[in-house]
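Worksheet: one structure, shown below.
Reckoned from all heavy atoms, side chains included, excluding hydrogens, waters and symmetry mates. What you are looking at is a predicted structure, and each value in this text was computed from that prediction instead of being measured. Here is how names work: the chains are called A, B, and so on, in the same order as the sequence lines, proteins then strands, and each is numbered from 1.
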Amino acid sequence: MPTYDFREIENRWQANWEADGIYRVSNPGDPDFDETKRKLYILDMFPYPSGAGLHVGHPLGYIGTDIFSRYHRMRGANVLHPMGFDAFGLPAEQYAVDTGVHPRVTTEKNLENYTRQLKAFGFSYDWNRSFATTDPEYYRWTQWIFLQLFESWFDKEQQKARPIAELVSELEDGLRDADGVAWMNLPEDDRRTYLDSQRLAYIDEVPVNWCPALGTVLANEEVTAEGRSDRGDHPVYRRPLRQWMLRITAYADRLIDELELVDWPESVRTMQRNWIGRSEGAHIVFPIKGNLHLRVFTTRPDTVFGATYMVVAPEHPIVDEITPPTWPDGTKPKWTLGIDDPRTAVEAYRLAASRKSELDRQVEDREKTGVFTGAYATNPLTGERIPVFVADYVLMGYGTGAIMAVPGQDQRDWEFAEAFDLPIVRTVQPPKEFSGEAYTGAGPAINSGFLDGLDIETAKEKTIRWLEINGHGEGTVTYKLRDWLFSRQRYWGEPIPILHGPNGELRPVPDEELPLRLPEVEDFRPHASSDENAEPTPLLAKAPDEWKFVEIDGVTYTRELNTMPQWAGSCWYYLRFLDPRNEDALVSKEAEKYWMGDVGVDLYVGGVEHAVLHLLYARFWHKVLYDLGHVSTPEPFGRLFNQGYILADAFQDERGIYVPADEVVRDGDVYLYQGKPVTRVYGKMGKSLKNSVNPDDIFEEYGVDTLRLYEMFMGPLDTSRPWSTRDIVGTHRFLQRLWRNFIDEDTGEILVSEEHATGDLQVLLHRTIAAVTKDMDDLHFNTALARLFELNNALVALPLVPSDVADVFPRLLSPLAPHISEELWSRMGKEGSVVVASWPTYDADLIAEDMATMIVQVNGKVRDRIEVPVTITESEAVAIALASERVLAHTNGAEPRKVIARLPNILSIVV
RNA sequence: GCCCGGGUGGCGAAAUCGGCAGACGCGACGGACUUAAAAUCCGUUACCCGCAAGGGUGUGUGGGUUCAAAUCCCACCCCGGGCACCA
């Protein structure tokens, strides 16, 4: 059929490519491996296959990486471009809870649908390398990595992970001791406890976010600001629980410092630094009375002379010990909440604070509340007695849960001091023009004894030295980053391969028994409860006894019943793609060395929502594997690129409920849904806004190539852009026009001449090659397309396409629109597939200009444009310009006072 | 409040080593073809004044640097995302 039958063309070529295995990539050691090619690893953040299927917003980045991969294949690279699925997770489990359908069944169905949809885009993935994190052959190695963490400790001197066996031998040899106790003097049980406390994977009793309604514990980052669950919006309570933790904090410095090694957006690196939150400062000990003292962390030890009171978090354990039965002399009325004794007052405040920590805390905004404990501490530098308050603006989870308050240099402390009538002493001299309250800027120290006159940095150092010499504290570094809570009480995750002995001993499941498969359970409902005091129970407690209990050498062990979080599987999938069927290792040394090369993944593309968590966790695991010698690069992802989102109009009815956007009709200025007016809003395309557009529908109407081109033509890859189905016709028309330029629609004849292009068309051809090549390198696919549009438009008036244009055009277009390019290539009788054709080159001499347009400015305004030879000299240019009538009209013949020449483009005359 | 992005025609956007603002596309308008419509092809399309030639204005706002600013500097406004009494 001579007209552009995109459906037939696209289906046929996708089938051919698959049959030919044209996107299959071989590894070092394979018979067809070509070691002369340079390697390029181009990776997408793999998707979670949800039940809703893909919408046109998902594949934006995938189209970009596909184009980049195809381009570099044509430039001779050996491109690894894989795709897989992050398939453990709560949605399938919750579906199982609701319907009883096994998560495996749901997941397999979704995987199939996602694979079908992704294949329909014509992506050049090597599907032979695909896997899902739920495959036992994959999670076998996820479990193996966990055991590597379990069997390792962090050597602070060497700043790296080492096998725990090396720690044991150093302890046995007396090269180290266990927290000051010699190994030989330590009883067996204590040795075990000590070792367990040193592991990178360890168990700790930590406060967790317990969500009874979900029957599970949530990570901090999964809890909303309102103290409710991110998923489901259920109430969340904080309670202590024994949990597996991963010691990511040991890597805090390296995770910051080694950001220097990667080519990432500066914004993402900044976000990671902020998340880790390294701050240097000091611990300072404030005596209270007897043996009691309050230890605080401060980033501003230089301001200690201005510490006029202290604040501890409501949850701080010292509060009970320091609060006296009666108010001491000098207690101001506004410090007491109007209550007769300190203990009652503090209890009342704590109760109010614990309630507030949920919803009200936000509402209450900035007003400072607190209560005096009735206790005084002594400022070790001034020797003054200063009151100790309880206030909820200090958090138990950061630093030591206590602060020295320096109202002169901290605005929150200033506000509190004003509210409670506490003294304010400036210890840094603000500039004269400063009119604010707390002053945090630079300046000389004042009111600070031996620090007076020093700048902040010097004063910090001197204070720390004083503290250390006098035993009142020491310089220290703290981090916002906390260890990674790694246990989930869910079913649909990787089982943690640990056995618990009768005396609390931890025994790893031997490597040869991996994978430890998920046991079958009959019912997936967690012990959900509306009782906030309900005990958390892992779902695997429902597994059969023969799974849960293991007898070894006459000892009965209980299996760990927690599973891993969804992050686990996505922490290392990029390594498995290198060697996905390896049964002896997570990746072979040769494959790892070849594909990771010097910088790791050469281009990693995904949404900015993963800027912190996923990328930080993956970097952490990678560094552990690096330390233990399993990988050869210090960083996993050499270059990161964040693609934008597809945005779309969404519509809300009068109750604020989203209505299906595709059923909304426009009537003049108003939008109607089922006859009722709705409000138009705008946001990220997705299920929650009910504004998804299904790619299947677009393929049906316009074809795959059109959709690929449209998504790329909308704008630069890294910005978000609004979906507009109306605009798709632009790229569709481009393809139809291209078709008609090459194919006679009546006869099906190829409209290509024997002749080469000449004159302007030849120049345009070579300029187009140059421009598209540069745009491809820069991931500027929108402008690459614009150049191809221009070349296409230039062909419309010609009866036949010149042979060199015909030879080049499908190759330039093929990364962007592979199907039509392959069809034209094939119809012209070209040898082989366009997929493996070489990228066109251009003749630099042809695109060199000999004439240029010279802009003539008079007093900064453009007054004339004159065609001049590119070799024009300044005196010639001035002579020509001053003779121009348009210039004369503005110079009135006056002599130039000044001439700036950027020849041949600019001549700027000042008169 | 803090941090990170971003504000350019009716719309999506080009142009960022400081050197022609608006490439390319959508839409709109006019024309050709057609019995007609669709499709296709040709043209116009930042705004204001002007018949025209031409002139003026213009890249969120106000200043500044410069022969020259979308681009650099200062202050502010708005939109999006992230974090939040983090000491």
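Aromatic ring pairs are classed by plane angle as parallel below 30°, tilted from 30° to 60° and perpendicular above 60°; the pair A:W723 and A:Y710 is perpendicular. Aromatic ring pairs are classed by plane angle as parallel below 30°, tilted from 30° to 60° and perpendicular above 60°; the pair A:Y617 and A:W484 is parallel. Aromatic ring orientation, A:F389 versus A:Y309: perpendicular (interplanar angle above 60°, classes split at 30° and 60°).
The side chain of A:K480 contributes no N or O atom lying less than 4.0 Å from OP1 or OP2 of B:C86.
At the heavy-atom level, A:M271 lies nowhere under 4.0 Å from the strands shown. Heavy atoms of A:T299 sit under 4.0 angstrom from primed sugar atoms or phosphate atoms, though from no base atom. Across all strands, A:N905 comes closer than 4.0 Å to no nucleic acid atom at all (heavy-atom distances). A:G277 comes within contact range of no nucleotide atom at all, as no heavy-atom separation falls under 4.0 Å. A:P265 comes within 4.0 angstrom of no nucleic acid atom, judged by non-hydrogen atoms across all strands.
Closest-nucleotide positions on RNA chain B for A:P716 and A:D413 were compared, and the one nearer the 5' end corresponds to A:P716. Mapping A:T719 and A:D410 onto RNA chain B by nearest heavy atom places A:T719 closer to the 5' end of the strand.
Under a 3.5 Å cut-off, the side chain of A:Q643 and the backbone N or O of A:V605 do not form any donor-acceptor pair. Under the 3.5 Å distance criterion, the side-chain polar atoms of A:N642 are matched with a main-chain donor or acceptor of A:G606. Within the 3.5 Å criterion, the main-chain N or O of A:L816 finds a donor-acceptor partner in the side chain of A:R708.
For the C1' atoms, the distance from B:G56 to B:G50 is 11 Å, rounded to whole Å. Comparing B:A38 with B:A32, their P atoms sit 14 Å apart, to the nearest whole Å. Separating the C1' atom of B:C47 from that of B:U59 is a span of 13 Å, rounded to the nearest Å. The same atom, C1', is picked in B:A70 and in B:G58; the two are 11 Å apart, to the nearest Å. Comparing the P positions of B:A37 and B:G31 gives an interatomic distance of 12 Å, to the nearest angstrom. Look at the P atom in both B:G6 and B:U45: the space between them is 32 Å, to the nearest Å. Comparing the P positions of B:U65 and B:U71 gives an interatomic distance of 15 Å, to the nearest angstrom. Nucleotides B:G60 and B:A14, compared at atom P, are 15 Å apart to the nearest Å.
The only member of A:T303, A:D302, A:T298 that meets side-chain hydrogen bond (donor to acceptor under 3.5 Å, both in side chains) when paired with A:R300 is A:D302.
If you measure from atom NE2 of A:H316 to atom P of B:A87, you get 17 Å, rounded to the nearest angstrom. When the P atom of B:A69 is taken as reference, atom CD1 of A:I900 falls 12 Å away, rounded to whole Å. Between A:I646 atom CD1 and B:A13 atom P the separation is 11 Å, expressed in whole Å. Separating the CZ atom of A:F286 from the C1' atom of B:A87 is a distance of 12 Å, rounded to the nearest angstrom. In this structure, A:L481 places its CG atom 15 Å from P of B:C83, rounding to the nearest Å. When rounded to the nearest whole Å, the span between CZ of A:R295 and C1' of B:A87 equals 15 Å. Atom CD of A:E266 is separated from atom P of B:C4 by 10 Å (rounded to the nearest Å). In this structure, A:Y479 atom OH and B:A87 atom P are separated by 14 Å, rounded to whole Å.
Pairing of B:G80, defined by two Watson-Crick or G-U wobble distances under 3.5 Å, is identified with B:C4. Base pairing analysis places B:A70 opposite nothing; no Watson-Crick or G-U wobble pair with both distances below 3.5 Å involves it. The partner of B:U57 is B:A46, judged by Watson-Crick or G-U wobble contacts that both fall below 3.5 Å. Pair check for B:C41 finds B:G31; Watson-Crick or G-U wobble, both atom distances under 3.5 Å. Within the shown strands, B:G25 is the pairing partner of B:C11 under the Watson-Crick or G-U definition, both distances less than 3.5 Å. Look at B:C85: it lacks any Watson-Crick or wobble partner with both distances under 3.5 angstrom.
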| Can you give one letter per nucleotide of nucleotides 20-25 of chain B, going 5' to 3': B for a protein heavy atom under 4.0 Å from the base, S for sugar-phosphate only, - for none? | B--BBS
| Nucleotide-resolved protein contact map, nucleotides 44-58 of chain B, B/S/- at heavy-atom distance under 4.0 Å | ----------SSSS-
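Side-chain contact between A:V878 and A:L907 is present, with heavy atoms from C-beta onward closer than 4.5 Å.
To the nearest 0.5 Å, the span separating CD1 on A:I847 from CG on A:L764 amounts to 11.5 Å.
In plain terms, the two heavy atoms of A:E711 and A:V56 that are nearest each other are OE2-O, 2.7 Å.
B:G54 adopts an anti glycosidic conformation, its chi angle falling more than 90° from 0.
At a cut-off of 3.5 angstrom, counting only N and O atoms as typed in the model, there is no donor on one side facing an acceptor on the other between the side-chain of A:S267 and the base of B:C4.
Under the 3.5 Å distance criterion, with hydrogens and angles disregarded, no donor-acceptor pair is assigned to the side chains of A:T731 and A:Y702.
Residue pairs that meet the salt bridge (Lys or Arg N to Asp or Glu O under 4.0 Å) test with at least one member in residues 725-748 of chain A, sequence neighbours left out, do not exist here.
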